[in-house]
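Each remark here refers to the structure printed beneath this line.
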Amino acid sequence: MPELPEVETVRRGLAPVMEGARIAKADVNRPNLRWPFPDKMSERLTGAKIERLRRRSKYILADLDTGESLLIHLGMSGRMLISGAQLGQFTHDHPAPEKHDHVVFHMENGARITFNDPRRFGAMDLLNTQTADHHKLLSSIGPEPLGNSFDEAYLTDALSAKGSPIKSALLDQAIVAGLGNIYVCETLYRARISPTRKANKISKQRVASLVPIIRQVLSDAIEAGGSSLKDFRQADGDLGYFQHSFDVYGREGESCKTEGCGKSIKRIVQSGRSSFYCPTCQR
DNA sequence: ATAGGCACCTGGTGGC
DNA sequence: TGCCACCAGGTGCCTA
């Protein structure tokens, strides 16, 4: 799923019903997702107040008033469904339970948040809030692309040692946080860089150009997610994927959108993932 | 240390 | 309708 913009959209959608609210009860319907849930997860969540909902890379962190933070990863297919809450002028009734509803948060304010994840690549854990950054899953993640420490000097340096294709390098969460297959494809398309080009063989200028492009690609997608929030509030409360159109991703065989190009978009496989690109525009 | 491939899961789609 | 192959937005872990 969910790359940084989708996770941020989910966070923003959950914030109005979860931030400052207390968890009356948490139904944990199976012992694990990708990994076993922590011991007594349900008990440790019950009665806890969520002080803040934040995001680090593709993880959502709910800081509780118990000294712990609930870490949530949506994996490939994780969704959050909100019901029973007043969202704008709409209230969504609680839906019938569905297959793959693995964890359900019943909030004291009447809202219910259902985590549904068919493929179960998602994860939840409880960590000490103070040391959350040192958690195994978070400790080796690189800078937030929309944050101050992600700049041209950083990226130039980080890629200078990478002999792998730029596609893989940008997918590497240790280089930059939150990019996934879609937004790497979109970024390289806008930067006119071939996904197969070796990261350390790209000129300094072109690497530098990636920084504002990454920021723009992600910001645009977050903005699109923001407008989808208005829609889901009116529709069904489902915080999952949102409608978003891409310039290259998923457009194999269609014509390149670059003015005056119009050549066919190609799909190749790099380390098991599809890369979509225009061989004419991207060098 | 680092790069590549596999594994973990379910569901949807398209071809025969 | 059924069966099969292939595809999917992630990422930890194992192997060279």
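All values below were derived from every heavy atom in this structure, side-chain atoms included, with hydrogens, water molecules and symmetry-related copies excluded. The sequence lines fix the lettering, A, B, ..., with proteins before strands; numbering per chain opens at 1.
- At C:dC13, one or more side-chain N or O atoms of A:Lys136 fall inside 4.0 Å of OP1 or OP2 (strictly under the cut-off).
- Listed pair A:His73 / C:dT11 meets the phosphate criterion, a side-chain N or O lying under 4.0 Å from OP1 or OP2.
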Do A:Arg283 and A:Ser194 pass the side chain to side chain donor-acceptor pair (under 3.5 Å) test, and can you show the C-alpha distance, the side-chain angles, and the key distance before you say yes or no?
CA-CA 5 Å; A:Arg283 296 293 176 172; A:Ser194 165; over 6 Å; no
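- With rounding to whole Å, A:Lys198 atom NZ is found 13 Å from B:dG4 atom C1'.
- Side-chain to base pairing of A:Arg120 with B:dT10: no donor and acceptor N or O lie closer than 3.5 Å to each other.
- Surrounding NZ of A:Lys49 are at most 12 heavy atoms belonging to other residues, nucleotides or ligands under 6.0 Å away.
- The 12-atom threshold is not exceeded at CD of A:Glu223, counting heavy atoms of other residues, nucleotides or ligands nearer than 6.0 Å.
- A:Ser274 and A:Arg267 form a side-chain donor-acceptor contact under 3.5 Å, judged by distance and modelled atom types alone.
- With no hydrogens or angles considered, a side-chain donor-acceptor pair links A:Ser77 and A:Asp117 at under 3.5 Å.
- The gap from the P atom of B:dC6 to that of C:dC6 amounts to 14 Å, rounded to the nearest Å.
- Under the salt bridge (Lys or Arg N to Asp or Glu O under 4.0 Å) criterion, A:Arg79 pairs with A:Asp238, not counting sequence neighbours.
- Close to C:dG9, at under 4.0 Å from its OP1 or OP2, lies no side-chain N or O of A:Ser77.
- When the P atom of B:dA3 is taken as reference, atom NZ of A:Lys167 falls 16 Å away, rounded to whole Å.
- Counting only N and O atoms by type, the side chains of A:Lys167 and A:Asn181 include a donor and acceptor under 3.5 Å apart.
- Mapping A:Lys58 and A:Arg119 onto DNA chain C by nearest heavy atom places A:Arg119 closer to the 5' end of the strand.
- Counting heavy-atom neighbours within 6.0 Å of A:Arg55 CZ, excluding the residue itself, gives a total above 12.
- In DNA chain B, consecutive stretches of 3 or more Watson-Crick or G-U wobble pairs with both distances under 3.5 Å are given as paired ranges: B:2-8 with C:10-16, B:10-16 with C:2-8.
- Residue A:Pro165 has its side chain nearest to B:dG4 when only C:dT11, C:dC7, B:dG4 are considered.
- Here the CG atom belonging to A:Leu171 is positioned 8.5 Å from the SG atom belonging to A:Cys185, to the nearest 0.5 angstrom.
- Centre separation under 5.5 Å together with a plane angle under 30° does not hold for the ring of A:Phe121 and the six-membered base ring of C:dT11, so they are not marked as stacked.
- As a whole-Å value, the separation of A:Ile222 CD1 from C:dG9 P is 19 Å.
- Ranking C:dT11, C:dC7, B:dT10 by closeness to the A:Arg267 side chain, first place goes to C:dC7.
- Here B:dT2 presents its C1' atom at 7 Å from NZ of A:Lys162, a figure rounded to the nearest Å.
- For the C1' atom pair drawn from B:dG11 and C:dG12, the interatomic distance equals 23 Å after rounding to whole Å.
- A:Phe246 comes within 4.0 angstrom of nothing in the nucleic acid, heavy atoms only.
- Distance A:Arg79 CZ to C:dG10 C1': 16 Å, rounded to the nearest Å.
- Nucleic acid contact class of A:Ser168 (heavy atoms, under 4.0 Å, all strands): none.
- One interatomic measurement links the two molecules: CE of A:Met76 to C1' of C:dT11, which rounds to 10 Å at whole-angstrom precision.
- Nucleic acid contact class of A:Gly180 (heavy atoms, under 4.0 Å, all strands): sugar-phosphate only.
- The NE2 atom of A:His135 sits 13 Å away from the C1' atom of C:dG12 (whole-angstrom rounding).
- Taking only side-chain nitrogens and oxygens, A:His100 never comes nearer than 4.0 Å to OP1 or OP2 of B:dC9.
- Counting to the nearest Å, the P atom of B:dC9 and the CG atom of A:Leu74 are 19 Å from each other.
- Nucleic acid contact class of A:Leu171 (heavy atoms, under 4.0 Å, all strands): none.
- OP1 or OP2 of C:dA8 has not a single side-chain nitrogen or oxygen of A:Arg273 nearer than 4.0 Å.
- Contact annotation: A:Lys99 side-chain N/O to B:dT10 OP1/OP2 distance is not under 4.0 Å.
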